[in-house]
Structures are given as structure tokens and as C-alpha cells.
Amino acid sequence: MEYRPAELDAKWQAYWREHRTFSAEFPSDKPKFYVLDMFPYPSGAGLHVGHPLGYIASDIVARYKRHRGYNVLHPMGYDAFGLPAEQYAIQTGQHPAITTEANIARYREQLDRIGFSFDWGREVRTCNADYYQWTQWIFIQLFHAWFNEASGKAESIDTLIAHLAAQGTEGLRATHHGDPACTPEEWSNFDAAEREAFLQQFRLAFRSESVVNWCPALGTVLANDEVVDGRSERGGHPVVQKPMLQWSLRISAYAQRLLDGLDSLDWSDSMKETQRNWIGRSQGARVRFGLPSIEGEALEVFTTRPDTLYGVTFMVIAPEHPMLASLTTDAQREEVEAYQEASARRSERDRQADTKTISGAFTGAYASHPFTGAPVPIWTSDYVLMGYGTGAIMAVPAHDSRDYAFAKHFDLPIQAVVAGGDLAAESYDAKEGALVNSDFLNGLQVKEAIERAIVEVEARGLGERRVQYRLRDAVFGRQRYWGEPIPVAYRDGVPETLPLEELPLVLPAVDAYLPTEDGEPPLARAAAWQSREGLPLETTTMPGWAGSSWYFLRYMDAQNDGAFAAKDKVDYWNQVDLYVGGSEHGTGHLLYSRFWGHVLKDLGHIPFAEPFQKLVNQGMIQGISAFVHRLEGTQTYVSSDALQGRKSQRIHVDVRFVNEKDELDRDGFKAWLPEFAQATFEPADGPIKLDREVEKMSKSKHNVINPDAICADHGADALRLYEMFLGPLEQSKPWDTKGLSGVTGFLRKVTRLMDKRSADAASKDELKTLHKLIEKVEKDMENLSFNTTVSAMMIAVNEWSGQTSISTSTLREFAILLSPLAPHLAEELWEQLGGATSMAYVPFPVLNPEFLVEDAIQYPVQFNGKTRFFVEVPTTNTAAEVEALVRAHEKTEGYVDGKTIRKVIVVPGRIVNVVVG
RNA sequence: GCCCAGGUGGCGGAAUUGGUAGACGCGCACGACUCAAACUCGUGUUCCCCUGGAGUGCGGGUUCGAUUCCCGCCCUGGGCACCA
């Protein structure tokens with residue numbers, strides 16, 4: 001048999017498509033297995049060799065599980081709303097749907113070449129109205145829900161209304177913002193607008209005036225996870241802080257549950273850690289400081305160190321703090337207002353970049369210390385953030401480095417309350433040591449003192465124990481076009497959700513994809529943008545993560561018109577058993593999906609809260625970039641070994657123009673870009689050596705390797721095998737096309753084995769090889785260690801290749817073992833060995849341990865831990881017999897070398913160590 | 001600064017309830033086939049001062065025996081960060 005991968009790929013891909021080989025069944029008596037990939041955003045650049053890594057791994061699992069008798073759900077779709085298509089639309093006027101459609105077609109073509117066993121009948125696209133009507137439906141569920149802290153879960157808003165009607169906010173424990181309080185009488189006297197304004201403080205989807213990340217270049221607000229180092233994640237544009245009226249989702253209500261839920265999940269430690277960091281739980285207390293200048297008011301702070309209360313020498317409030325204006329004395333007003341303005345102008349990036357410059361202003365006001373009653377000066381500074389805790393802090397310069405720096409800068413007093421450290425040089429932040437200068441806390445260790453202080457604060461009614469989270473509510477509205485319209489209409493300015501029968505609220509046509517002249521979002525350009533009843537509609541759209549927060553549910557029942565998915569299907573498919581994707585989604589997608597999962601569970605729509613039971617993050621495949629040296633200020637390109645210390649710039653060269661000796665293809669290079677057309681080379685006709693370096697694989701670094709090209713040259717099976725063979729799935733590793741010859745050689749060896757097949761019974765050695773392989777493959781499949789699976793197969797094939805013949809039965813079993821990794825060749829082998837249909841569902845070979853039994857063991861014999869020779873011993877021998885054999889061995893005397901044998905250690909089945917001394 | 005993961009040949013990597021370090025593959029070298037090249041096949045390939053010695057980031061420790069366990073460092077990648 002000859003190996004012709006191009007023919008095999010075409011033949012079997014057509015077969016699978018025609019026979020719909022990989023449609024998942026429903027209903028089914030089989031156990032289910034749901035294996036999911038993070039669906040891609042279809043970008044214009046197409047796939048490079050790094051993208052399919054995770055898809056190949058999940059496909060191997062899917063195929064393996066089918067052989068194991070599972071009903072496998074292995075779908076694929078597209079996260080199709082997003083900024084790049086819209087930016088392109090702004091530039092060209094082309095509707096983003098057209099760009100998106102074209103990109104999807106390209107993605108599909110590339111995916112199809114690799115031979116994935118996706119059930120394409122379940123494809124989803126988040127930008128299709130039959131999909132996003134259910135995204136809108138979920139938004140409506142969120143709108144009509146609140147978080148009841150008494151039951152620890154979300155409930156229908158009706159239960160809140162009933163509570164308010166019966167007893168007002170008395171006895172109510174709900175997650176909310178603002179300061180909602182009412183009596184049942186007040187509630188019943190509210191008019192419609194007042195009622196809604198009140199309820200908005202509780203809804204899980206709500207509108208509020210808050211400080212948001214505004215990105216002027218993109219013309220939209222961004223969620224915290226979309227801002228990296230003070231710039232937008234997409235495009236790297238500056239982001240500023242700005243108060244705006246915005247739709248948000250109350251994810252903060254779920255902070256503790258999202259934290260606790262991690263314990264039950266089979267995710268990597270680092271991914272769990274990323275989520276824990278993002279949620280940012282800290283324990284402490286809220287403490288109120290009285291304000292003698294304002295009757296009845298107090299300044300509330302959050303602290304994790306209530307033990308240091310006696311070390312408070314000043315307080316700081318955020319420049320955006322609502323009480324700042326009323327606190328500020330007339331004498332200080334000018335200075336404070338100037339400071340407020342200056343800090344409002346600073347972008348988030350400036351604020352982060354320059355945390356060393358200390359700035360602030362004194363308000364002129366004093367609070368009174370809750371324990372001592374002493375006056376405490378109140379300052380304002382932007383090192384205190386309005387978005388965390390209460391937006392105000394008690395400053396303890398002796399034991400907090402930020403407060404210390406501030407105190408030093410403005411020459412404020414520093415009072416030590418924990419022994420240890422040298423306060424002349426720096427603050428003492430460690431939570432170790434005994435309390436001093438602290439009245440009733442004196443002598444206690446920090447941890448005891450924290451506890452004691454909280455008890456005291458509560459007893460005196462000065463505050464209460466409190467857990468604070470860093471996780472903020474997620475801003476949900478985007479001032480953009482290419483996203484799901486938010487299904488809300490306004491009646492006299494009061495928001496209400498659209499009736500369900502008006503869904504989907506379809507994205508309207510607009511004349512341009514830009515904001516209006518008054519700064520309204522693009523949807524405001526749509527003609528008659530109003531509900532059927534004629535009410536004006538919301539003009540912001542949902543963020544990119546809306547559609548991806550629940551798509552795993554839609555795959556279960558992708559065509560359903562009456563529900564996001566039928567209940568019996570959701571019950572059957574349930575959680576995702578294996579989710580494969582990149583770790584860059586740790587704080588965005590994975591957190592929001594979990595949040596929506598918890599809400600949908602609470603509201604009774606799905607039977608589980610955690611969508612993804614097991615998560616695996618595939619590593620990055622890096623590219624090996626090539627650089628040519630250009631002499632500074634010239635068009636002369638020099639071989640790297642001819643530079644001789646001259647100054648040069650390193651220029652990226654597309655890896656297409658590099659041969660296997662790292663030499664430049666001069667003609668290709670000159671024809672590549674106009675700027676190189678006039679290039680001259682040194683040496684004038686010898687080879688031009690290039691530098692190589694491992695970098696991220698990307699278009700801009702010209703080191704992209706395209707999977708289609710690999711499939712065309714070597715076949716899909718070689719690509720699949722090689723991506724896995726490169727190393728452990730989770731690890732990042734560079735792509736080197738040269739290495740492909742190893743796996744193509746293996747595939748050829750397999751086909752050559754077919755020429756040796758015979759109808760004779762399998763030999764004992766042949767079966768030992770086979771069953772060793774079965775054992776290894778089974779183990780590796782559970783651990784997703786596909787790199788070692790490939791090695792094990794190579795070893796087995798090498799062993800069989802040394803035989804003069806191999807039995808048909810062994811080859812058949814081997815074909816099944818191979819099929820998850822190299823399905824095209826495996827199907828072909830199966831057919832040639834007499835299989836009548838696709839092998840995709842034939843049962844996996846059964847391990848028979850009898851074939852693994854060895855008659856004899858090669859014991860390595862060590863002298864003082866160094867291996868010197870081997871003895872072959874029948875497995876039946878006892879340790880004492882082995883020892884006797886070694887003592888009597890002819891070589892032993894030489895290594896003992898006249899010394900005494902102190903001890904002989906025999907580890908049965910493993911090793912012999914002779915201790916000589 | 002805090003937290004997490006990881007450091008093994010020229011390269012990708014293998015081996016951890018402590019038991020032959022370097023499987024498998026690339027690359028390289030030599031040989032066979034060929035007029036020749038490619039393909040294919042075979043042999044070798046951690047390093048060194050090579051009958052021996054050293055060696056899994058570095059320095060200690062436990063052990064008959066350590067890539068694996070313990071202590072202290074260094075480096076790389078990732079997460080969080082004026083979060084009180």
C-alpha cells in the first residue's frame with residue numbers, strides 16, 4: 001500500500017460529510033460526553049497553525065469517546081459579533097455582516113481540511129437573530145431578577161416586590177447599589193417611575209450612573225477585563241474614567257459563589273488562581289468615623305486591619321467621593337476643586353503609570369476617631385479609588401506603605417501600633433508582632449487584635465464585620481453597532497423590557513456605523529428605532545461577551561424556535577465534560593459564563609450552575625521569526641556572519657523566504673515588498689545567513705505557518721499528529737516545520753506494514769507490543785498526554801516493522817488505536833482490512849494483561865548507586881535468590897575491589913544496589 | 001511587591017507512590033540503495049582530560065539510591081496590583 005494523504009483526506013472527509021457520521025444522537029441510551037472548544041472569532045487573518053491545536057486535542061478525545069461507546073456532543077460555531085468587523089465597516093462602509101460571513105467561510109474551509117469530527121448540524125453564530133433572540137431573552141431574565149442574600153440565590157423580582165409591599169426594606173437582605181430604603185406605605189405610594197428607579201437598585205440587569213472605562217478612540221465604554229494596563233484590549237487605545245448612565249450586570253452578587261464554585265471544578269491551579277485574584281476577596285470591617293462638622297453624618301471606611309485603628313493619623317477620600325464637596329471648608333475649597341479637576345483629567349493609564357508621584361489636597365475637615373474621639377484630618381487623593389470599598393480609607397502610615405509615602409510627602413504624623421520594623425525607613429506592613437499604643441489591644445498579636453477590634457467595633461455600634469470583593473459589576477452597554485440590541489424600551493423615560501413575542505429585536509440598518517452628531521450610539525441613526533407600541537428603544541448594544549456566555553447551551557438544541565434549548569436536551573447533555581481553550585479568557589469569558597450559569601440555575605432554567613466541569617488551556621504555538629541585518633541608513637543586507645561589528649538593524653523577513661539552512665531567498669525577498677526592491681547584498685553572491693528567534697506567531701512578525709499549506713503538502717493526519725507530538729498540550733512550544741518528517745515517516749511506515757499482513761494468528765511478541773500500546777493509549781487519553789501517545793505508536797510500529805509479517809487482527813486493532821489521532825489513514829486501513837462502514841464507532845480494543853507478562857527481568861546492578869552491569873533473572877525468583885545470584889556474579893568481585901559488601905538492596909522487579917565500603 | 005506554573009542533550013521533549021536520566025522525533029555524522037539527487041533503509045549521537053569521571057537552573061540536606069522529597073537562592077512565563 002502506498003501512502004497518498006491528499007487522496008485519503010478528500011475521500012474520507014467526503015464520506016463523513018455524506019453519511020453525517022458525527023451527528024450526536026438524541027434521545028440516546030448511551031452515556032453522554034460533551035467536549036467543547038472555545039469557538040473562534042472569525043478574523044480576517046484566518047487560522048494559523050497555533051489555532052487548531054486545541055481543536056485537534058478535543059477532536060482526539062471526541063473520537064476516542066465514540067470508540068468507548070459514548071454519545072458525543074462535539075460542536076463548533078462562531079463568536080461573530082465584535083469590534084474588528086465593525087472597525088472595518090467604519091472604514092469601508094461595508095456591512096459587518098458581509099465581512100463576517102466571508103471570514104466564516106474562510107474559517108470553515110480551513111477547519112474542514114483538518115478532518116474534525118464536528119457535528120456541523122449544530123453550528124451557531126452569535127450574530128444570527130435566531131441565536132441572539134435568546135441572548136436577549138436571557139437579558140430579560142436578568143432584568144426581572146434580584147439576588148436574595150437570605151436564600152443565597154437569584155429570585156424573580158416579584159418576590160422582592162411582595163417583600164417591599166408587605167414590609168418595605170425591613171428585614172430585606174439583597175445585593176444592591178445605592179442606598180435603597182422604604183416603608184410599605186412609601187412603596188405603595190411610589191408612582192411608576194419611582195418604583196422602577198427603586199427596583200433598578202436590585203435588578204441583576206440594571207442601569208446606573210457610575211464611573212466607567214470610556215475609550216474615546218473606540219467610542220464606547222469597556223468592562224474591566226477589556227482594559228489592559230489602562231488601554232483597550234482591542235487596539236490599545238487610551239481609556240479614561242468617566243461617570244455615565246450605563247447598563248450593567250450585577251455579577252458582584254455572585255462573587256462568593258463564583259469563588260466557592262472553583263473548588264468543585266477540574267481546572268488548572270493557575271486558572272483558578274487567576275479567577276480568585278480577579279474576584280479579590282478580602283475580609284475586614286467597615287468602620288464609621290463621626291463628622292462633627294456635619295450633623296448626623298459619618299465617614300465610612302473599609303479596612304482589613306482594624307487592629308491598627310489606634311495608628312490612624314489621617315483619612316483619605318477619593319476625589320470622586322460624593323461627600324467631598326460638603327466636607328471641604330471654604331478656605332480649602334479652591335485647592336480641593338483644582339485637585340479634583342486635575343485628577344479627573346488623568347487617564348487610567350497615567351494614573352497607573354505614575355503611582356510614585358504623590359498628590360492630594362487637604363479638605364480642611366476633621367473626623368473624630370471612633371475610639372479616642374481625637375480629631376483626624378481628612379484629605380483627598382487619587383490613590384484612593386471610588387470603585388472599591390467605600391471610596392474612603394483610614395490611613396495608618398506606620399503599617400501601610402501607601403499611607404506611609406503620603407504621610408512623608410505631606411509631613412503628617414506616623415504612629416506605630418505594631419512592634420517591629422524601622423519606621424524611620426519604611427512602614428511595617430507585616431501582619432506579625434504585638435500591638436502597642438493601642439489601649440485594650442496592647443500585647444495582642446496582630447491576628448488576635450484584628451478579631452478583638454472587630455468585636456469591639458460591632459459592640460460599640462461603630463461598624464460591622466465585612467467581606468469586600470474587588471470584582472465590580474460588569475458594564476453591559478456598548479455605544480457600538482455590531483452587537484446584540486438590548487431589548488429595552490422607554491416609557492416616559494422609564495426602562496421596561498420588550499414583550500417576549502417582540503424578540504428577536506433585530507439589529508436595524510443604519511446609514512453609517514458611527515455615533516450621531518449628538519454623540520448618540522449608531523443605533524440612534526436607525527429609522528423608527530422604536531418598539532411595536534411606538535416606544536423609543538435602547539440604543540446601546542451588548543458587549544462581545546454576551547453571546548459567548550451561554551453558547552454551550554445552544555449547541556444542545558441549536559434549531560429550537562421556542563426556547564434557548566429544550567429542557568430534556570439540557571438535562572441530558574448537562575455540563576460540558578471537557579472544555580478546551582486559551583488561558584487568555586480567564587477573567588472575561590470564563591467568569592461571565594459561570595455567572596450566567598449560576599443565574600440560569602437559580603431561576604430554574606438549567607440543572608447545573610457550573611458550565612465547564614473540566615477545563616484545559618492549550619499552550620501557544622510560537623513561530624520562529626527570521627531577521628536579516630541591514631546596515632544602518634543603507635539598502636545593504638548583510639549575512640549575519642559577515643557583520644564584523646558594524647551597526648545594523650534587524651528586519652523581519654517572511655519565513656517563506658528562508659531555506660532550511662536559515663539562508664535568504666534573495667529574489668523572493670526583493671519581490672516581497674517594494675521597499676526591498678533595490679536591496680543589495682553582502683556578500684554579493686554567497687549565502688545570506690539570517691538570525692532566527694522564537695516569538696509569538698503573528699502576521700506582523702511574518703512567522704505565520706498556515707495549516708492549509710501543511711495539509712496540502714503532508715496531509716491532515718500529519719498535521720494532527722505533529723501538533724500533538726510537539727509536546728504537552730498545555731505548554732507553549734515553537735513550531736518547526738522540519739520536524740514534520742518524523743510523523744510523515746511514521747505514517748508511511750504504517751502503510752508499509754500493510755504489505756506484511758498475513759492471515760496467520762498473531763505472534764506472542766506482536767501481541768505484547770499491541771497490548772503495551774493499548775495500555776499506554778488508554779492512560780494517555782485520560783491525561784490528554786497525546787505527545788506520548790504518538791511516541792508509543794511509533795515504538796510499536798518500529799517493533800512490528802522488524803517482524804517479517806503481522807497478522808490482520810493486530811492491524812485491525814491498531815487501526816482503531818490510531819483513529820482518534822490520524823482518522824483518515826485509520827479509516828483507509830480499516831476499509832482495506834475488510835471494514836464495511838466507517839470505523840468511527842467500532843469498540844476500542846480490550847486490554848488483555850496476560851500478554852504483558854514477562855518471563856524474565858533484566859535487573860540493573862548498581863554498586864554504591866552506579867549501574868555497572870545487568871543480570872537476567874526469571875520473574876519467579878525471590879529477592880534472596882537475586883541477591884545470591886549477584887553476589888556470585890563474576891563481575892561483582894571487580895567492583896567490590898577488595899572492600900566489604902555492607903548491604904545488598906533488592907527491589908523486586910526493579911533494581912539491585914550493592915553497598916560497598 | 002504578592003500569587004501560580006515551569007527550568008532536563010544542538011532542538012521539541014520522555015521518565016516523578018524515590019529505583020538503568022535522555023524514550024520518541026528533529027538535526028547532525030557515517031554507511032547502503034542510486035549515474036546522481038530526492039525518497040527509503042541501517043549505524044552512531046549528553047558532556048569531558050574517555051579501562052574512568054561529571055551530569056536534570058544554582059547551593060545545601062535526607063537516603064543504599066534524588067530529575068522526583070526538604071531548606072535557601074537564581075532565572076523564565078503567566079495572573080493580580082495605590083484594592084485599603
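Keep in mind that the numbers below use all heavy atoms, side chains included, and drop hydrogens, waters and symmetry copies. Every chain is numbered from 1, with letters handed out A, B, ... down the list of sequences.
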Taking the basic N atoms (NZ, or NE/NH1/NH2) and the acidic carboxylate oxygens, is any pair closer than 4.0 Å for A:Lys733 and A:Glu723? no
When you check the side-chain N and O atoms of A:Glu799 and A:Thr769, is any donor under 3.5 Å from an acceptor? yes
P atom, B:rG78 versus B:rC24: distance in rounded Å? 34 Å
Among B:rA5, B:rG79, B:rG53, which nucleotide sits nearest the side chain of A:Asn277? B:rG79
A:Tyr388 atom OH is separated from B:rC80 atom C1', nearest whole Å, by 13 Å
According to ring pair (Phe, Tyr, Trp, His ring centres under 6.0 Å), who are the partners of A:Phe302, at least two apart in sequence or on a separate chain? none
Determine, for A:Lys749 against A:Asp755, whether the closest basic-nitrogen to carboxylate-oxygen distance falls under 4.0 angstrom. no
Using a 4.0 Å heavy-atom cut-off across all strands, classify A:Arg902 as base, sugar-phosphate, or nothing. nothing
Any strand counts, and the cut-off is 3.5 Å on both contacts for Watson-Crick or G-U wobble. Which nucleotide pairs with B:rG6? B:rC75
Have A:Tyr339 and A:Ser359 got a donor and an acceptor in their side chains that come within less than 3.5 Å? yes
Which part of the nucleic acid, if any, lies within reach of A:Ser282 when heavy atoms closer than 4.0 Å are counted: base, sugar-phosphate only, or nothing? sugar-phosphate
Nearest-Å distance, CG (A:Asn783) to C1' (B:rA14)? 14 Å
B:rC2 versus B:rU56 - spacing of their C1' atoms, nearest Å: 30 Å
How far does the P atom of B:rA15 sit from the matching atom of B:rG6, given to the nearest Å? 14 Å
Across nucleotides 15-30 of chain B, 5' to 3', mark each nucleotide with B, S or - according to how protein heavy atoms within less than 4.0 Å reach it. ----BB--BBSS----
Measuring only the C1' atom in each nucleotide, how far is B:rC26 from B:rG61? A whole number of Å is fine. 39 Å
Between CD of A:Gln622 and C1' of B:rU76 the distance, given in whole Å, is 12 Å
Across all strands shown, which nucleotide pairs with B:rU62 by Watson-Crick or G-U wobble geometry, both distances under 3.5 Å? none
Do A:Thr789 and A:Asp780 have side-chain atoms, one donor and one acceptor, less than 3.5 Å apart? yes
Residue A:Thr587, side-chain heavy atoms: nucleotide from B:rC64, B:rA84, B:rC80 that is nearest: B:rC80
Out of A:Leu265, A:Leu259, A:Leu591, A:Leu258, which one pairs with A:Gln275 under the side-chain contact (heavy atoms from CB on, under 4.5 Å) rule? A:Leu591
Checking one value: the base orientation of B:rG27, syn if chi is within 90 degrees of 0, otherwise anti. anti
Can you tell me the Watson-Crick or wobble partner of B:rG18, both distances under 3.5 angstrom? none
With a non-hydrogen cut-off below 4.0 angstrom, is A:Lys272 in contact with a base, only sugar-phosphate, or nothing? nothing
Could you tell me the Watson-Crick or G-U partner of B:rU51, where both distances fall under 3.5 Å? Say none if there is no partner. none
Determine the Euclidean distance between corresponding C1' atoms of B:rG12 and B:rG7; express it in Å to zero decimal places. 15 Å
Rounded C1' spacing from B:rC30 to B:rA14 in Å: 27 Å
Just name whichever nucleotide pairs with B:rC82, Watson-Crick or G-U, keeping both distances under 3.5 Å, else none. none
P spacing across the pair B:rC50 / B:rU43, given as an integer number of angstrom: 28 Å
Distance test, side-chain N/O of A:Arg752 to OP1/OP2 of B:rC41, below 4.0 Å: yes
Which word best sums up how the rings of A:His889 and A:Phe869 line up, parallel for under 30°, tilted for 30 to 60°, or perpendicular for over 60°? parallel
5'-most contact on RNA chain B (nearest-nucleotide basis), A:Gly391 vs A:Gly745, goes to A:Gly745
Side-chain N or O of A:Arg276 closer than 4.0 Å to phosphate OP1/OP2 of B:rC80: no
Could you state the NE2-P distance from A:His399 to B:rC82, rounded to the nearest angstrom? 23 Å
Using a heavy-atom cut-off of 4.0 Å across all strands, would you classify A:Arg472 as base, sugar-phosphate, or nothing? base
Between A:Phe289 (CZ) and B:rA84 (P), how many Å, whole number? 17 Å
Sort out the partner of B:rA29 for me: Watson-Crick or G-U wobble, both distances under 3.5 Å, none otherwise. B:rU43
Name the orientation class of the two ring planes belonging to A:Phe410 and A:Phe406 (parallel below 30°, tilted from 30 to 60°, perpendicular beyond 60°). tilted
Charged N to carboxylate O under 4.0 angstrom, A:Glu464 versus A:Arg288? yes
Grab the NZ-P distance between A:Lys431 and B:rA84 for me, whole Å please. 9 Å
Roughly how far apart, to the nearest Å, are B:rC58 and B:rC75 at atom C1'? 10 Å
Closest to the 5' end of RNA chain B, once A:Gly280 and A:Asn864 are matched to their nearest nucleotides, is A:Asn864
What nucleic acid atoms does A:Gln275 come within less than 4.0 Å of, heavy atoms only: base, sugar-phosphate, or nothing? nothing
Looking at every strand, decide which applies to A:Ser583 at a 4.0 Å heavy-atom threshold: base, sugar-phosphate, or nothing. nothing
Given atom CG of A:Leu615 and atom P of B:rG79, what is their separation to the nearest angstrom? 15 Å
Length of the line joining A:Glu426:CD and B:rG1:P, which is rounded to integer Å: 12 Å
